[in-house]
Amino acid sequence: MTTTKKTRLVVIGNGMAGMRTLEELFKLAPDLYDITVFGAEPHGNYNRILLSPVLAGEMTIKDIMLNDVDWYAQNGITLHLNKAVTRIDRVRRKVIADDGTEADYDRLLLATGSNPVMLPVPGKDLPGVVSYRDIKDTDEMIEAASRYRHAVVIGGGLLGLEAANGLKLRGMDVTVVHLMPWLMERQLDRTAAGLLQQSLEAKGLKFLLEKQTAELIAGESGRICAIRFKDGETLPADLVVMAVGIRPDTGLAEAAGLHCDRGVVVNDTMQTYDPRIYAVGECVSHRGITYGLVAPLFEQAKVCANHLAQFGISRYTGSVTSTKLKVTGIDLFSAGDFTGVEGAEEIVLSDPAGGVYKKLVIKDGKIAGSVLYGDTVDGAWYFQLLRDGQNIRELRDRLLFGQSHLGNAGHQGQNKAASMPDEMEVCGCNGVCKGTIVKAIKEKGLFTLNDVRKHTKASASCGSCTGLVEQILASTLGGAYAPTPAEKPVCGCTEHTHAEVRKSIRQHKLLTIPEVMRFMEWGTPDGCADCRPALNYYLISTWPHEAKDDPRSRHINERVHSNIQKLGDYSVVPRMWGGVTSPEQLRRIADVADKYHIPAMKITGGQRIALAGVKKEDLPKVWADLDMPSGYAYGKSLRSVKTCVGNAFCRFGTQDTLGMGIGLEKAFWGMWAPHKVKLGISGCPRNCSEAAIKDIGVIGVESGWEIYVAGNGGTKTEIAQFFVKVKTQEEVMEYAGAFLELYRQEGYYLERTAQWLQRVGLDYAKCNVVDDAKNRGVLYRQLLGALAARKDPWQERTREGFEKQEFKILEILDEVPS
Amino acid sequence: MSEWVRICPLGEIPRLGSRVVQTGKGDVAVFRNSSDEVFALRDQCPHKGGPLSQGIVFDRKVTCPLHGLTVQLDSGEAVAPDSGCTHRYRARVDKGEVYLNLS
Ligand code: SRM
Ligand SMILES: Cc1cc2nc3c(=O)[nH]c(=O)nc-3n(C[C@H](O)[C@H](O)[C@H](O)COP(=O)(O)OP(=O)(O)OC[C@H]3O[C@@H](n4cnc5c(N)ncnc54)[C@H](O)[C@@H]3O)c2cc1C
Ligand code: SF4
Ligand code: FES
């Protein structure tokens with residue numbers, strides 16, 4: 001024996017709490033101990049929670065492994081799998097396993113979890129009667145499902161329902177038997193439980209409530225064949241799953257003389273009555289409470305690791321827990337106390353027909369509990385308010401409508417991640433808040449969901465916050481983020497996504513639609529009305545002077561440069577630069593309306609005039625007589641540039657908005673884009689041109705111009721985001737132009753700037769345009785280059801006779817004798 | 001009694017495009033696809049009467065410009081999941097000229 005020998009740590013129990021403690025310990029003091037782990041199961045460390053999706057056939061055992069045996073080797077841990085410790089010798093400080101293996105310890109960690117409770121009824125040991133705790137049980141259930149028909153699950157709690165759902169999905173006829181008058185009575189109130197039961201019944205599950213099991217009956221083969229209840233009724237059963245509760249596994253500790261009371265009793269540092277022995281997880285009793293969910297166990301693991309690492313600064317003071325049911329398609333969330341809290345009031349939103357039920361229990365102006373069914377998006381928020389003990393009096397009248405109703409209503413839901421405060425908890429299982437995730441992404445350079453899971457544990461347990469974590473990735477990384485689930489293909493004609501198509505067109509310099517289709521092995525001869533316009537746009541925006549526009553791959557509006565209306569007529573909206581017009585122009589418009597009997601004239605929402613109900617054949621004549629440029633009111637292109645009067649007339653105006661608006665419009669007209677692009681220019685923050693909801697909004701202030709990007713006033717309102725502040729008109733042109741060119745080159749067809757920016761992130765656009773002057777110059781020149789050869793489409797058709805046949809109706813030439 | 005009528009040279013209908021012919025029976029849309037087949041349909045979408053002639057043509061189909069219903073050019077039937085049918089006329093090309101049968 002040498003003096004350099006490390007302190008020995010032995011861990012009993014290779015489960016979720018024990019191994020989490022080691023992971024936490026390695027973060028603090030990787031080399032402090034010589035570690036030995038005993039595990040009664042023959043597997044590495046796996047995510048027990050996810051046994052439910054495995055049973056349901058949504059995941060495999062491989063997917064749920066947390067630490068395989070290599071991990072133990074890499075960390076120098078001596079691992080004894082398939083060996084249950086049967087004795088702790090506290091005097092000689094060693095543990096002895098069932099096969100005689102011994103290990104000496106200086107510190108011992110108990111993490112033995114709990115055992116499923118088996119009802120003490122006759123027949124409980126028959127073949128075909130199982131509990132639901134580990135891989136072996138799960139395998140047995142999967143096996144039974146492939147051979148037998150009738151399953152009975154005893155216990156209508158979380159575990160029982162997940163088991164029942166899995167067995168049903170595997171084709172069994174499943175009945176859930178529950179002693180209580182409603183399901184999950186510890187988490188749900190009667191109304192929510194009723195809704196839950198209905199949804200599960202709709203999935204084909206059957207329920208027997210207030211039923212007490214009397215006996216399990218064997219068939220001829222010796223396997224279970226039926227179940228009998230106290231009231232004498234029987235039910236066929238080839239598989240019985242007992243999910244009636246768990247009991248902390250304290251046998252070993254008790255035999256070693258450690259103080260136990262339901263669980264192994266620990267103090268706030270997770271130490272048992274023997275100071276050399278720590279305990280964490282479901283086997284523990286802390287301040288009189290034993291926990292059966294992972295979130296508290298992980299908190300315990302962290303505290304325990306801190307003390308094992310000899311930091312000695314953290315304490316575990318108990319947890320408030322929340323529950324979700326992991327049955328795909330059912331949204332259920334419950335947290336805190338919600339029944340029988342003295343002096344409490346309830347706020348309830350109940351829409352049983354719509355399948356939504358929300359209840360908040362309020363005590364002393366604070367949330368004491370919540371049950372959400374059907375719509376659980378705000379679960380995390382309520383849970384946060386609950387745990388923080390925040391006073392909600394101010395929020396009370398809007399509380400049930402959710403967090404999104406507090407701020408700017410009408411914003412896209414996806415923005416939730418971006419607007420979440422850093423302290424807000426994202427992953428309830430692992431207690432990870434948004435700030436931690438963002439920090440890890442930035443500092444450790446994480447790019448994928450899996451990276452985030454590995455580094456922060458967020459979404460690594462029950463997985464129900466996966467969507468939120470992905471949103472955080474997207475909003476933090478912007479363009480660098482590669483979402484895990486494959487993006488959707490362009491349309492039914494191909495497997496390829498928009499991103500792949502764009503990439504191939506650029507990389508392989510594809511110049512025509514047939515070339516793209518051949519190269520990317522399109523499944524149809526000519527594509528369809530969805531993919532052809534997209535391909536046409538990708539080609540002309542990537543290779544502006546080389547790829548030729550294909551009118552046959554344009555929607556009619558862009559093919560005839562007018563907007564088709566419901567009766568098959570068209571509207572004509574000429575460009576009025578910056579919304580500025582003149583008596584002469586207005587007279588001409590009026591004359592045209594008279595001459596062609598145009599049924600309606602209207603001032604549009606874009607500060608110009610629409611002539612509605614024009615016959616297609618009249619279009620070229622109308623355009624010629626108007627002698628005004630096309631306003632592109634029909635195109636995925638630059639539309640209107642809205643201005644206010646600015647300092648030319650307005651008493652608040654700080655800048656020449658008319659000059660700016662007209663300048664921008666003259667620079668960028670005729671610019672095709674993934675979707676339409678609208679600009680707004682205001683002369684002061686009163687913002688009369690609504691610049692805050694434009695794709696590019698420019699707001700004049702005394703010291704220059706503020707540029708905002710990616711607003712949208714359409715289907716989903718989006719407020720434009722501040723991009724940069726500049727001084728001169730030239731700078732506005734360059735920044736706005738470069739931003740638009742980036743969107744033109746990288747946006748997906750039919751994605752407006754708002755959705756595009758949501759996908760790639762504001763930071764990404766800033767990196768490319770604001771921070772990188774050289775790149776900005778390149779982008780801006782590319783845009784100007786692309787626009788160099790543009791022609792006004794109306795003139796092209798009236799003066800050059802382009803696409804003449806579009807506007808001519810055919811007549812019968814002659815009849816042909818047969 | 002045969003009612004074949006001559007319309008125009010094939011070259012006056014763009015590939016994957018169409019023309020409208022005024023007839024005693026109303027507007028007829030004449031389509032040409034990428035294999036130079038020609039088809040004729042009454043120029044009214046079974047959905048809300050939109051002008052099918054203005055739609056995007058592909059394969060033996062056209063998608064209505066108003067709300068996107070797709071119609072089979074060789075039968076006038078809407079493509080599933082949509083339903084409905086528009087009248088189809090016979091059409092052929094002979095020595096570079098397009099003929100319709102309006103019976
Ligand atoms: C004419 C006009 C309404 C009016 O009488 O004022 C109009 C008319 C149409 N709008 Fe609009 N929009 C008009 C201003 C707007 C505005 C207000 C604005 O531009 O300041 C908006 C909200 C602002 C925005 O776009 O962010 C607007 C948001 C939409 C949307 C939703 C876009 C979105 O991203 O959610 C659509 C649908 C689409 O484009 O897919 C749409 C689509 C349409 C179409 C083109 C429907 C269609 O696809 O055929 C309408 C053509 C009618 C026709 O008979 O010509 N229109 N539309 C306005 C023309 C403005 C112009 O001079 O160019
Ligand atoms: C199907 C299922 C679904 C669940 N879903 C959720 C959920 O959605 N959310 C949630 O928060 N929680 C859920 N849970 C509960 C969660 O899995 C447990 O709270 C957690 O696993 C407890 O961790 P633990 O380390 O204390 O115990 P365990 O993970 O059970 O680990 C204990 C380990 O110790 C071993 N062991 C015991 N005695 C000995 C011995 N003497 N020698 C050697 N090894 C020994 C056991 O074999 C076991 O491997 C679910 C549980 C199950 C079974
Ligand atoms: S934006 Fe400001 S300056 Fe311009 S019109 Fe409105 S209030 Fe006047
Ligand atoms: S009229 Fe053709 S789809 Fe509606």
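Reminder, nothing fancy here: chain letters follow the sequence lines and each chain counts from 1. Everything numeric here is computed off the predicted structure, so don't read it as measured data.
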Pick one of side chain, backbone, both or neither for A:Pro533, based on which atoms fall under 4.5 Å of a heavy atom in chain B.
side chain
What do you reckon, is CD of A:Glu521 surrounded by more than 12 foreign heavy atoms closer than 6.0 Å?
no
Name, in order of residue number, those residues of residues 6-19 of chain B that have a heavy atom at a distance of less than 4.5 Å from a heavy atom in chain A; otherwise write 'none'.
B:Arg6, B:Ile7, B:Cys8, B:Glu12, B:Pro14, B:Arg15, B:Leu16, B:Gly17, B:Arg19
Using non-hydrogen atoms and a limit below 4.5 Å, what part of residues 45-72 of chain B faces chain A?
B:Pro51, B:Ser53, B:Gln54, B:Gly55, B:Ile56, B:Val57, B:Phe58, B:Asp59, B:Thr63, B:Pro65, B:Leu66
Results of ring pair (Phe, Tyr, Trp, His ring centres under 6.0 Å) for A:Trp623 - residues two or more places apart only
A:Trp794, A:Phe807
Identified side-chain contact (heavy atoms from CB on, under 4.5 Å) partner of B:Val21 from the options A:Leu813, A:Leu810, A:Ile809
A:Leu810
Please determine whether the number of non-hydrogen atoms from other residues, nucleotides or ligands lying under 6.0 Å from atom CD of B:Glu37 exceeds 12.
yes
Specify which of B:Val30, B:Asn33, B:Val5 makes the most heavy-atom pairs with chain A at under 4.5 Å.
B:Val5
Within a reach of under 6.0 Å around NZ of A:Lys503, are more than 12 heavy atoms found that belong to other residues, nucleotides or ligands?
no
Against chain B, residues from residues 556-571 of chain A with at least one heavy atom under 4.5 Å, in numeric order, are A:Ile556, A:Arg559, A:Ile564, A:Gln565, A:Lys566, A:Gly568, A:Tyr570
Side chains of A:Ile812 and B:Leu102: closer than 4.5 Å at any heavy-atom pair?
yes
